[in-house]
S.K.: 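Sharing a structure here in structure tokens format.
Numbering of residues begins at 1 and proceeds along the displayed sequence. Side-chain atoms are counted along with the backbone in the values below, which use heavy atoms only and exclude waters and symmetry mates.
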Amino acid sequence: GKTDEAQALAERALTEDPADVVSWNLLAETRVAAGDLRGAAEASESLARTSLVPERQLGAWYEAGRLWQDEIKDETRALAALESAAAIDVAYGDVFDRLSRIYAARKMQPELAQLLERRMDCVSDPEERRAIEVRRGRVLFEAGDVAGAREAYESALAERPDDAQALAAFTDLCLAQSDWEVAEQSLIRLARLLPTPDEQRVVYSQLGDLYANHLLNLPRAEVALKE
């Protein structure tokens, strides 16, 4: 049919001029129509490599990544294509979401932390920036970068001291690092911020444990555990 004709035409044109971006685009489209999704993804990658226009490169890398990830289920090829797209514009479409899912699933924490930092640079909404900063802190902490994690949490809390999510993450870091006095102050602040009695009970239980086992203040431990 017409799809086969168009595909043959594109392939013939590319043997004569491998840098013909119009033919690479046509080949990718006709291969999708013919159900050759692997071939379409490879044609999209060739289009991205051949084009000199960033917008076209971006769209082609994204399309290749989407096909590898959703249709062909080849995560390694998807990762390479999506990283190339993100290098041009991390805020394009759902590139960030797709790439962050792969990094998280593969426990590629340094790469995920760097991706979150680049995403934050594209965001102007203060609330969204704080949420990304807190997530970046958690990722850095999991990767063993305690200083980087602490800096991320402190940055989020400097913008909004009553951010319960940031304060909870900062408290977990302090407890894990045996920074008992700072953890105590954070837990007290957190107990005042949390809206439900169940959430508050968890914090008071942590405070009770902190006083009983680390700060060795039994009267305070008793008060905290009664809350």
Side-chain angles (χ1 to χ4, degrees), residues 3 6-7 10-11 13-15 17-140 142-143 145 148-149 152 155-156:
T3 299
Q7 189 169 325
E11 287 169 350
L14 287 165
T15 57
D17 181 8
D20 183 352
V21 292
V22 174
S23 294
W24 279 122
N25 190 52
L26 178 62
L27 186 60
E29 290 175 356
T30 54
R31 283 179 174 174
V32 167
D36 177 11
L37 300 179
R38 179 175 288 274
E42 288 171 347
S44 288
E45 287 178 338
S46 294
L47 170 60
R49 292 190 189 98
T50 306
S51 176
L52 301 176
V53 180
E55 290 81 3
R56 178 168 269 184
Q57 292 172 345
L58 177 58
W61 281 125
Y62 174 78
E63 178 61 9
R66 187 192 67 77
L67 287 168
W68 289 122
Q69 191 172 25
D70 294 351
E71 308 296 339
I72 306 159
K73 313 296 182 191
D74 186 332
E75 192 175 75
T76 301
R77 295 288 292 268
L79 176 60
L82 291 168
E83 282 182 331
S84 296
I88 300 169
D89 183 1
V90 73
Y92 179 80
D94 60 354
V95 165
F96 169 76
D97 293 331
R98 288 175 177 275
L99 202 46
S100 61
R101 282 200 300 271
I102 296 175
Y103 284 154
R106 292 188 168 205
K107 302 205 181 308
M108 297 170 68
Q109 308 295 17
E111 290 84 356
L112 180 53
Q114 190 178 40
L115 181 71
L116 287 162
E117 189 170 6
R118 284 166 56 205
R119 182 71 186 98
M120 196 164 60
D121 289 340
C122 306
V123 173
S124 55
D125 178 61
E127 207 162 314
E128 192 179 347
R129 283 178 62 86
R130 271 197 313 277
I132 294 172
E133 187 77 286
V134 172
R135 186 181 172 193
R136 192 173 75 89
R138 287 202 175 102
V139 168
L140 288 168
E142 285 174 24
D145 184 356
S155 172

S.K.: Could you list the residues that satisfy side chain to side chain donor-acceptor pair (under 3.5 Å) with R138, not counting sequence neighbours?
M.R.: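 Residues passing side chain to side chain donor-acceptor pair (under 3.5 Å) with R138: none at all.
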S.K.: So, using side chain to side chain contact (heavy atoms under 4.5 Å, CB included) as the criterion, who are the partners of A156 when residues are at least two apart?
M.R.: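 A156: side chain to side chain contact (heavy atoms under 4.5 Å, CB included) contacts with R130, E133, V134, A166.
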S.K.: Checking M108 against L79 for the side chain to side chain contact (heavy atoms under 4.5 Å, CB included) test, could you report, in this order, the C-alpha distance in whole Å, the side-chain angles of both residues, the deciding distance, and whether it holds?
M.R.: CA-CA 12 Å; M108 297 170 68; L79 176 60; 4.3 Å; yes
S.K.: Using the side chain to side chain contact (heavy atoms under 4.5 Å, CB included) criterion, which residues pair with A13? Sequence neighbours excluded.
M.R.: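 In terms of side chain to side chain contact (heavy atoms under 4.5 Å, CB included), with neighbours along the sequence ignored, A13 is linked to D20, S23.
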S.K.: Taking only residues at least two apart or on different chains, which pairs with a member in residues 104-116 satisfy side chain to side chain donor-acceptor pair (under 3.5 Å)?
M.R.: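 Residue pairs with at least one partner in residues 104-116: E75-R106, T76-R106, Q109-E142.
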S.K.: Show me the donor-acceptor pairs, under 3.5 Å and distance only, between side chains in residues 119-129 and residues at least two apart or in other chains.
M.R.:
residue : atom : partner : partner atom : Å
D125    : OD2  : E128    : N            : 3.0
R129    : NH1  : M120    : O            : 2.8
R129    : NH1  : V123    : O            : 3.2

S.K.: List the residues meeting side chain to side chain donor-acceptor pair (under 3.5 Å) with R77, not counting sequence neighbours, and say none if there are none.
M.R.: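 In terms of side chain to side chain donor-acceptor pair (under 3.5 Å), with neighbours along the sequence ignored, R77 is linked to E45.
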S.K.: Heavy atoms, side chains only, cut-off 4.5 Å: are T50 and P18 in contact?
M.R.: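 T50 vs P18: side chains apart.
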S.K.: Quick one: CZ on R135 to CG on L112, what's the gap to the nearest 0.5 Å?
M.R.: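 Taking CZ in R135 and CG in L112, the distance rounds to 5.5 Å.
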S.K.: Please confirm whether the backbone N or O of L47 pairs with a side-chain atom of S51, one donor and one acceptor, at under 3.5 Å?
M.R.: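 No; judged by distance alone, with no hydrogens or angles, the pair does not exist.
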S.K.: Could you give all pairs that pass the salt bridge (Lys or Arg N to Asp or Glu O under 4.0 Å) test and reach residues 86-95, with sequence neighbours left out?
M.R.: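 Matches after skipping sequence neighbours: D94-R98.
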S.K.: Side chain to side chain contact (heavy atoms under 4.5 Å, CB included) with A43: which residues, sequence neighbours excluded?
M.R.: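 W24, L27, A28, R31.
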S.K.: Please collect all salt bridge (Lys or Arg N to Asp or Glu O under 4.0 Å) contacts where either partner lies in residues 53-63, sequence neighbours excluded, each pair once.
M.R.: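 Matches after skipping sequence neighbours: E63-R66.
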S.K.: According to the ring-ring contact (aromatic ring centres under 6.0 Å, His included) rule, which pairs have a member within residues 69-92, sequence neighbours left out?
M.R.: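 Applying ring-ring contact (aromatic ring centres under 6.0 Å, His included) to every pair that reaches into residues 69-92, excluding sequence neighbours, yields Y62-Y92.
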S.K.: Under the ring-ring contact (aromatic ring centres under 6.0 Å, His included) rule, what pairs show up with a residue in residues 31-56, not counting sequence neighbours?
M.R.: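 Not a single pair qualifies under ring-ring contact (aromatic ring centres under 6.0 Å, His included).
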S.K.: Residues in side chain to side chain donor-acceptor pair (under 3.5 Å) with W61, at least two apart?
M.R.: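 Partners of W61 under the side chain to side chain donor-acceptor pair (under 3.5 Å) test: none.
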